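Let me begin by presenting the structure, written as structure tokens, before commenting on it.
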Amino acid sequence: MAGFAELGLSSWLVEQCRQLDLKQPTPVQQGCIPAILEGRDCLGCAKTGSGKTAAFVLPILQKLSEDPYGIFCLVLTPTRELAYQIAEQFRVLGKPLGLKDCIIVGGMDMVTQALELSRKPHVVIATPGRLADHLRSSNTFSIKKIRFLVMDEADRLLEQGCTDFTVDLETILGAVPARRQTLLFSATLTDTLRELQGLATNQPFFWEAQAPVRTVEQLDQRYVLVPEKVKDAYLVHLIQTFQDEHEDWSIVVFTNTCKACQVLCMMLRKFSFPAVALHSMMKQKERFAALAKFKSSIYRILIATDVASRGLDIPTVQVVINHNTPGLPKIYIHRVGRTARAGRQGQAITLVTQYDIHLVHAIEEQIKKQLAELAVEEAQVLRILTQVSVVRRECEIKLEAARFDEKREINKRKQLVLEGKDPDLEARRKAELAKMKQRNRRFKDEKQRTLQRKKAGGAGHGGPRPKTHGEPSPAQGPA
Ligand SMILES: Nc1ncnc2c1ncn2[C@@H]1O[C@H](COP(=O)(O)OP(=O)(O)OP(=O)(O)O)[C@@H](O)[C@H]1O
């Protein structure tokens with residue numbers, strides 16, 4: 001197997017890799033580094049935790065060392081936390097160069113950022129919204145001469161999810177030179193491949209890991225079929241069991257909304273679990289602090305929304321629990337990819353209600369693997385059921401008293417005003433969009449169900465074998 005030197009990297013970079021204990025390049029690094037060094041655009045699609053970041057950081061640093069200037073490289077990424085993580089890799093690997101980097105993300109002081117940008121850092125790592133704001137409001141810096149444009153989690157940057165980057169990306173793409181190298185990476189590139197190919201036209205090199213399953217082999221993937229109302233009791237039980245059985249442990253629990261995230265965190269703390277929340281309604285400083293405490297194992301449970309589902313590299317995470325079944329297979333792939341990274345073992349447990357079974361089937365179809373059922377001692381869940389329900393209700397009341405929803409609305413309006421938008425107009429536009437999305441989703445679900453019915457008429461599906469609605473389950477007790 002080729003080492004880092006054989007890929008064409010200079011000895012100082014090989015030495016940096018050695019110091020960081022990166023002994024052998026991973027397959028995505030072996031595939032992409034030579035192509036990037038040759039000057040080609042690159043689309044790299046490899047499983048979560050497979051070393052995609054170093055696959056672009058190393059060749060960029062090599063090219064930077066040959067012709068150092070600022071701003072040499074722009075990296076775009078969908079979340080603020082991820083921007084800091086990528087910057088750290090640049091900093092550590094680029095230490096001998098005296099690399100100057102600059103992180104441009106929302107929630108931080110704009111004036112300080114503008115000053116840093118004007119000092120011509122070698123590498124700028126940014127979330128699209130804030131960088132576009134700077135481009136629109138300032139002429140003290142330019143990205144007209146960058147050599148490299150990297151889009152990490154490229155499919156997320158291009159898709160129109162709840163945070164839509166389209167307009168900001170247009171601003172940014174209008175400000176970068178046409179003659180550049182474009183590098184696009186993600187564990188789930190294929191869905192947006194056509195759009196991505198439009199961005200990378202300079203002898204594009206496409207690298208995709210060939211594997212029968214789209215998730216990591218070392219990942220044990222399970223599901224627990226639970227009635228909606230008793231999910232929390234199962235969650236408490238799962239965490240308690242894990243805590244009892246392991247000395248050194250860290251768990252990430254994913255939820256679908258900021259409010260659910262906050263309530264769950266409060267509830268777990270009431271049960272004396274060391275939990276901390278991470279969601280987009282928190283102030284940026286609180287977000288960083290929460291993540292830092294989780295990374296250093298001061299808190300062993302991170303309750304997060306999908307703001308943490310992509311890219312975050314925390315080696316100590318042994319378990320990912322999906323408190324809700326992700327609506328899209330690719331969200332599942334990224335969430336469970338927070339564990340079992342860089343060859344380590346990990347476990348993913350998805351709580352599935354009777355309404356989510358079609359989602360599990362869609363996930364299984366995409367990842368090309370069936371989830372196994374996790375055996376849970378239901379008698380033990382039953383024992384804590386009432387207590388968990390009461391505590392959860394208490395937490396909800398407390399959160400309502402703290403006017404969580406109201407604060408969220410005020411924050412949103414403030415943000416829109418800052419962006420120069422009319423909050424009421426935006427609300428109407430969003431409602432329209434939501435309606436359209438709902439119609440599309442219903443149509444898709446219906447299509448999925450028809451397909452499943454057709455399939456079931458044939459060979460029959462081997463996914464989660466749900467108990468039928470009428471079948472007794474101890475957990476359907478006095479919730
Ligand atoms: N050649 C290597 N040998 C050993 N470990 C490596 C190597 N390259 C990277 N790593 C480590 O693997 C871990 C995962 O890398 P990275 O965060 O780049 O994954 P990724 O492919 O970007 O994952 P995701 O899709 O979740 O963003 C990091 O801790 C990194 O230091």
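Along the sequence shown, residues carry numbers from 1. Order of appearance sets the numbers: ligands from 1, and atoms from 1 within every ligand. Quantities reported herein were computed from a predicted structural model and do not represent experimental measurements.
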- Query: Do Q197 and F206 have side chains that get closer than 4.5 Å, going by heavy atoms?
  - Reply: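 In short, these two side chains do not touch, never coming nearer than 4.5 Å.
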
Kindly say whether [Y] contributes a backbone atom to a donor-acceptor pair with the side chain of [X] at under 3.5 angstrom?
X    : Y    : result
S309 : T305 : no
D356 : T353 : yes
Q318 : G346 : no

- Message: Looking at D445 and K447, is there a salt bridge between them, counting it only when a charged N and a carboxylate O are closer than 4.0 Å?
- Response: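 Result for this pair is no, no salt bridge flagged.
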
- Looking at D41 and R180, does any basic side-chain N land under 4.0 Å from a carboxylate oxygen?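 R180 and D41: not salt-bridged.
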
If you measure every N/O of [X] against every N/O of ligand 1, is any gap under 3.5 Å?
X    : result
T48  : no
A342 : no
Q85  : no
Q24  : yes
R338 : yes

- Measure the CG-CD1 distance between L131 and I125 for me, rounded to the nearest 0.5 Å.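 Going from CG on L131 over to CD1 on I125, the span is 11.5 Å.
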
- Message: Assess the residue pair S186 and K330 against the criterion (side-chain contact (heavy atoms from CB on, under 4.5 Å)); give the C-alpha distance rounded to whole Å, side-chain angles, the decisive distance to 0.1 Å, and a yes or no.
- Response: CA-CA 11 Å; S186 175; K330 75 161 134 184; over 6 Å; no

- Item | Option whose closest heavy atom lies nearest to atom 24 (P) of ligand 1, chosen from G49, C45, A46 |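 Nearest option to atom 24 (P) of ligand 1, by heavy atoms: G49.
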
If you have a sec, work out which protein heavy atom is nearest [atom] and how many Å separate them, to one decimal?
atom                    : value
atom 17 (O) of ligand 1 : R341 NH2, 3.0 Å
atom 8 (N) of ligand 1  : Q29 NE2, 2.8 Å
atom 22 (O) of ligand 1 : T53 OG1, 3.4 Å
atom 7 (C) of ligand 1  : L22 CD2, 3.6 Å

So is [X] in contact with ligand 1, going by heavy-atom distances below 4.0 Å?
X    : value
K47  : yes
R310 : no
S50  : yes
F185 : no

Would you mind listing which atoms of ligand 1 come within a distance below 4.0 Å of any non-hydrogen atom of [X]?
X    : answer
F4   : 1 (N)
T26  : 1 (N), 2 (C), 7 (C)
E153 : 27 (O)

- Task: Measure the acute angle between the ring planes of F141 and H134, then classify it against the limits of 30° and 60° as parallel, tilted or perpendicular.
- Result: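 Judged by the thresholds at 30° and 60°, the geometry between F141 and H134 is perpendicular.
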
- Can D244 and Q240 be counted as having a side-chain donor-acceptor contact under 3.5 angstrom?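 Checked: D244/Q240 side chains pair up, N/O donor to acceptor below 3.5 Å.
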
Region of [X] engaging ligand 1 - heavy atom pairs below 4.0 Å:
X    : value
F56  : neither
D313 : side chain
K52  : both

- Decide if atom CD of E15 counts as having more than 12 heavy atoms of other residues, nucleotides or ligands within a radius under 6.0 Å.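 Counting other residues, nucleotides and ligands, CD of E15 exceeds 12 neighbours.
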
- Item | Residue of the set Q221, Q366, E364 for which side-chain hydrogen bond (donor to acceptor under 3.5 Å, both in side chains) holds with Y332 |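 When side-chain hydrogen bond (donor to acceptor under 3.5 Å, both in side chains) is applied between Y332 and each of Q221, Q366, E364, only Q221 qualifies.
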
